[in-house]
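The next block holds one structure in the form of structure tokens; read it before the comments.
All of these numbers come straight from a predicted model, not from anything done at the bench. Indexing begins at 1, ligand by ligand and atom by atom, following the structure's order.
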Amino acid sequence: MEIIQISRPDSPLRGQISAPADKSITHRALLFGALNSRATHILNPSRSADCLATANLLQSLGYRLLAEGNELTLLPPELPSEPPSTPRSEPLWIDCHNSGTTARMSLGLLSATSGVFRLTGDDSLRKRPMERAAAPLRLLGATVQTSNGTMPITIHGNGELKGYRGAPIPVASAQVWTALALAGARSQAGVILRQTTPMRDHSARMMQHLGLPLSIANDVATIQPATLDAEIFITIPGDLSGAAFLVAAAVLVPGSHLVISNVGLNPTRIAFLQALRGMGAQVQWAIEGEVSNEPCGSITAEYSPKMHGIELDPTNPNSPPIASIAEMMDELPLLALVAARAKGTTVVRGAAELRVKESDRISQTAAVLRELGGEIEELEDGFRITGVQELEGGCNIDHAGDHRICMMAGVAGLITNQPIEIPNPSVAEVSFPRFWEVLAGVGEGNVECRMSNRVVPK
Ligand code: S3P
């Protein structure tokens, strides 16, 4: 098995760098593009393993994908007047690998596509909860059967899904919202959804960009049945969740100053930046334009030696409302690492969802930080961290195959006293292709990432 060794850089991280393409928006470009009966051109798509899982799913339904340079063109199955797959009794097995986003969002598309499909995934994905998407889809007339709430999931797709116009369906997940929107757009009556927690709004923005009929008032979205028959262009901005690792590296490594450009700055994704600023980190961001209905700009992050702890506790009415926990869920392991070097105590609550991500990210974050020499107490729905002067490192990291924990450990290796070793570093590809090359080449290009006796090229 490959092992990567990370050690402290011998000088600061400085310079300008682009973020990898946004994974969430690429999934949506592919899945909403699948509603189109003409070509959908996706510029700057994420080539992460998760997005490849969605692309493969579409290909197995007969969609065609042509890659040229930095553009991916999605074409409908050969006979657009026919359903994408003719009804069959034998299920078509589809492997979603590690991607919860592929699994949950595609349930909406598959429910409205004629055929029988069976979704599975890797060991991690097969443990994750799927009823949250399956149950509301049944209200639209979908026939979706989970295995005790998890995978494999069998879908008897129906080209004539009835839709749902009753009281708004309450939804607490962006993936589920998207599944229902895809099914609603392909149904006879459409669907009405009520958002119950803050969440990323990329699907609504994408639908508006594509001209799909959607109206939103007071968190209630009404999605009309629609067909899409136009040549469409979607440009994908950089991924804030990927940029977050570079931002954290800059605030932690002495003397650093990084500018991350072309990054999506959708207001529903910047909670991590807001929390860092609330901790006294020197982080600024500026919206410079819009791509495909998504605000986009640059982030400047500097070494921040005077950071202090923060309380992020939606359950405590006296906790200052600095940033929404739900909108920074993916960045919380990284926030924990920053908190381990900030003065005082950081408390994160209301994050029980972390327990059902690619790993139990509360336990896994706690295990990694303790291994590094940090002080962290696991809570049922979050953690309490007391900042320390130094992280010793000199250890081998168990990231449980979770890409975000693995990359968080990679950033930790830049500030530990002793180098750290990370086995199976390629899990980073799940969301951030070429992560180690980017880290090795960051700024003045002096970060040493040594992979099984081979220095990672810059
Ligand atoms: C995602 C939504 C979030 C996030 C996940 C990606 C998306 O999950 O944690 O990594 O692309 O819609 P929820 O659907 O639970 O909000």
**Request:** May I ask you to establish whether R194 and W177 are in a cation-pi arrangement, using a distance under 6.0 Å from NZ or CZ to the six-membered ring centre and at most 45° from the ring axis?
**Result:** no

**Prompt:** Can a salt bridge be assigned to the pair R269 and E331 using a cut-off of 4.0 Å between side-chain N and carboxylate O?
**Reply:** no

**Request:** Using modelled atom types only, decide if a donor and an acceptor are shared between the side chain of R355 and the backbone of E380 within a distance under 3.5 Å.
**Result:** yes

**Fill in**
Shortest non-hydrogen pair, D229 vs S37, comes out as OD1-OG, 3.2 Å

**Request:** Kindly give the heavy-atom pair with the smallest separation between D50 and T102, and that separation in Å.
**Result:** O-OG1, 3.3 Å

**Asked** Is the closest side-chain donor-acceptor distance between R200 and T268 under 3.5 Å?
**Response** no

Distances for all N or O pairs of ligand 1 and the protein under 3.5 Å?
from: ligand 1; atom 1: 8 (O); to: K357; atom 2: NZ; distance (Å): 3.4
from: ligand 1; atom 1: 9 (O); to: D330; atom 2: OD1; distance (Å): 2.7
from: ligand 1; atom 1: 9 (O); to: D330; atom 2: OD2; distance (Å): 3.4
from: ligand 1; atom 1: 9 (O); to: K357; atom 2: NZ; distance (Å): 2.6
from: ligand 1; atom 1: 10 (O); to: D330; atom 2: OD1; distance (Å): 3.4
from: ligand 1; atom 1: 10 (O); to: D330; atom 2: OD2; distance (Å): 2.8
from: ligand 1; atom 1: 11 (O); to: S24; atom 2: OG; distance (Å): 2.6
from: ligand 1; atom 1: 11 (O); to: R28; atom 2: NH1; distance (Å): 3.0
from: ligand 1; atom 1: 12 (O); to: R28; atom 2: NH1; distance (Å): 3.4
from: ligand 1; atom 1: 12 (O); to: R28; atom 2: NH2; distance (Å): 2.6
from: ligand 1; atom 1: 14 (O); to: S173; atom 2: OG; distance (Å): 2.6
from: ligand 1; atom 1: 14 (O); to: A174; atom 2: N; distance (Å): 3.2
from: ligand 1; atom 1: 14 (O); to: Q175; atom 2: N; distance (Å): 3.0
from: ligand 1; atom 1: 16 (O); to: A174; atom 2: N; distance (Å): 3.3

